[in-house]
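Positions are given from 1, in the same order as the sequence printed here. Just so you know, these numbers use all the heavy atoms, side chains as well, and skip hydrogens, waters and symmetry mates. These numbers come from a predicted model, not from an experiment.
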Amino acid sequence: MDNRYYQQPQYTPTYQPPDYGQFGNPTNQVYNNPMTMAASAAGDRNTPELKTAHIFAIISMICGIAGLVLALYYGLGAFIGGGPGLVFAIISGKLGNASGMRKTGLILSIISLALSAFVFALTYLISSAFSF
């Protein structure tokens, strides 16, 4: 019996996997990805100033939420949350952060300040109206 009928044919691969560390991009070329192009055009986004600005934006949003909750307790939201949240949002904006988190913190802080002023004025009016 002839063994050539029972042997597998030789396989020659046409695709060569990339070397280790290249992840399928052996020429290290930049693809036409809009996100990659925008990030490279804007420069390095991991500077210490932008990291600090991002942390300030987070603090601003937390203070804005706390101020909004605490605004109903005799206007305490202005001192605890609204004022510091507004300051942190402004500082974050001056450091170059234009994220939605900073804008949310700014808006919540402004609403907190307005609501605190309203509750404080309402509390003052009610207490002065009923004082004998």
Under 3.5 Å, which donor-acceptor pairs do the side chains of residues 57-70 form with other protein atoms, sequence neighbours left out?
residue : atom : partner : partner atom : Å
Ser60   : OG   : Gly85   : O            : 3.0

Problem - Any donor-acceptor N/O pair, Thr104 side chain to Gly100 backbone, under 3.5 Å - result: yes
Fill in the blank from the handout: CG of Leu113 to CZ of Phe118, rounded to nearest 0.5 Å, is 15.5 Å
Handout entry: N/O donor-acceptor pair under 3.5 Å between Ser92 side chain and Ala53 backbone
Key = yes
Practice task
Could you tell me the separation between the CG atom of Leu86 and the CG atom of Leu108, rounded to the nearest 0.5 Å?
Solution key: 11.5 Å
Practice task
Any chance you could measure Asn97, atom CG, to Phe56, atom CZ, to the nearest 0.5 Å?
Solution key: 11.0 Å
Practice task
Would you give the length of the straight line joining atom CG of Leu115 to atom CG of Leu122, rounded to the nearest 0.5 angstrom?
Solution key: 10.5 Å
Practice task
Test His54 against Met101 for side-chain contact (heavy atoms from CB on, under 4.5 Å), laying out the working first.
Solution key: CA-CA 8 Å; His54 186 67; Met101 202 174 302; 4.2 Å; yes
Exercise for the section: Decide side-chain contact (heavy atoms from CB on, under 4.5 Å) for Leu95 and Leu50; before the verdict, give the C-alpha distance in whole Å, the side-chain angles of both, and the deciding distance to 0.1 Å. Expected result: CA-CA 7 Å; Leu95 289 176; Leu50 286 179; over 6 Å; no
Exercise for the section: Please round to the nearest 0.5 Å and tell me the distance separating atom OG of Ser112 and atom CD1 of Ile107. Expected result: 13.5 Å
